[in-house]
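What follows is one structure encoded as structure tokens, with my remarks underneath.
This one's a predicted model, so the numbers in the text were calculated from it and none came from an experiment.
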Amino acid sequence: MLNFSKKLIHWYLQNKRELPWRQTKDPYRIWLSEIILQQTRVEQGMPYYFSFVETYPDVKALADAPEDDVLKLWQGLGYYSRARNLHATAKKVAYEHKGIFPDTYKELKKLKGVGDYTASAIASICFDEAAAVVDGNVYRVLSRIFGIDTPINSTPGAKEFKALAQELIDEKDPATFNQAIMEFGATQCKPKNPYCLHCPFNEGCIAFQQGKISDLPVKKGKIKVRDRFFNYLIFITPDGQTMLQQREGKGIWRGLFDFPLLETEKDLPEARFRESVNSLKITTKEKSIRFSDLPVEEVILQQRDPIIHKLSHQKLHVKFWVVKLSEAPGLQTIAYERLGDFAVPRVIDRFMEDFDFKDFL
DNA sequence: AATACGGGGCT
DNA sequence: AGCCCAGTATT
């Protein structure tokens, strides 16, 4: 389509939103915004962008922060490996690149957490390199206008859309073109109820002309969601202390903190739970004790029905149990006033909002 | 080529 | 309930 980029940029200049990261070409801020915006809506990411810029004004400030602080600031945004990669890359740039970001797509892509999309975005926006971005918006816009039904989440699809975007990009102003096509997808060519009637491309839009707007883009395969059953143990000592553990391994919420946890195959009846929990090993800071060897005074279930917490690949059934101890356990404990210092999953943060330790002292 | 990885908003 | 979001890394 001749003139595509001209029309697109014209539309953009008249319709773009004023966003904080559009006021700068500073690679640190562009990089930060792009990581935050991965699989995340602008409105959801914006508050996090502000707090990161304020807390860590430059890449060195971020590099020198403790990882747990970065995780805490990221709390609630999800996909926490982004925060760990963000921190690792900040260290890399600060101390192996002398605080200067790489200035090409090829070099940017070598950074942790920077894939094809993000490398293209930074290279084009900060350094005017003609590297086409392909994100969810671009897939949608191109699949509809050009009537392409190749599944966007297939290898052929990825190649086809990337090549098309690269063909269409305005090599004189790749920064504006890339942001324009994404903005167009986000606010005009939306997933549901796009504004086709006053779309500048509707005459040439294959999907619109053929009434296939709701059929494009095509996405293959449905993800399966796994049910999991979590029983969180909120220990309470006579002097108002509780226990937290930091999650390790490869699963969800790696690096975040949560309460000692008994995971079960099903939603156990209360009696079965009280039986099973006895053999649970409680571990904080490398020391570990069997639940049954603890000075347990009382175990109180906090809700009859589990709290349902949905993730992209898991459906969590969560119960919280208060465990009153008659004396301090031989494990590391923390004062409940300090719970707010730790990055915790949303489901725990939300539960703590209307939970008062004082009720159990 | 598939799958894991969060949380929230919209329909 | 299902889909999608300025995707990336791992298997």
Practice task
Enumerate the residues from residues 342-354 of chain A whose closest heavy atom to DNA chain B is under 4.0 Å, giving them by residue number; use none for an empty result.
Solution key: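 Under 4.0 Å from DNA chain B: A/Pro345, A/Arg346, A/Arg350.
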Practice task
Return the residues of residues 28-45 of chain A meeting this criterion: a heavy atom under 4.0 Å from some atom of DNA chain B. Order them by number, or give none.
Solution key: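 Heavy-atom contacts with DNA chain B come from A/Gln39, A/Thr40, A/Arg41, A/Gln44.
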Less than 4.0 angstrom from a charged side-chain N to a carboxylate O is my criterion; do [X] and [Y] meet it?
{"X": "A/Arg254", "Y": "A/Glu248", "result": "no"}
{"X": "A/Lys212", "Y": "A/Asp149", "result": "no"}
{"X": "A/Asp128", "Y": "A/Lys25", "result": "yes"}

If you compare every side-chain N and O of [X] against the phosphate oxygens of [N] (OP1, OP2), does one of them come in below 4.0 Å?
{"X": "A/His309", "N": "B/dG7", "value": "yes"}
{"X": "A/Trp74", "N": "B/dG6", "value": "no"}
{"X": "A/Tyr139", "N": "C/dC5", "value": "no"}

Problem - Whether over 12 other heavy atoms sit under 6.0 Å from A/Lys92 NZ - result: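 No, not enclosed.
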Ignoring the backbone of [X], work out which of [options] is nearest its side chain.
{"X": "A/Arg17", "options": "B/dG6, C/dA6, B/dT3", "value": "C/dA6"}
{"X": "A/Asn85", "options": "C/dC5, C/dA9, B/dA4", "value": "C/dA9"}
{"X": "A/Ser312", "options": "C/dA6, B/dG6, C/dT8", "value": "B/dG6"}

Problem - Centroid-centroid distance, A/Trp253 to A/Tyr80, less than 6.0 Å - result: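 Not close enough - the centres of the two rings lie 6.0 Å or further apart.
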Exercise for the section: Could you pick out which residue, A/Pro191 or A/Lys250, lies toward the 5' side of DNA chain C when each is mapped onto its nearest nucleotide? Expected result: A/Pro191
Exercise for the section: Using a heavy-atom cut-off of under 4.0 Å over every strand shown, decide if A/Ser81 touches base, sugar-phosphate, or nothing. Expected result: nothing
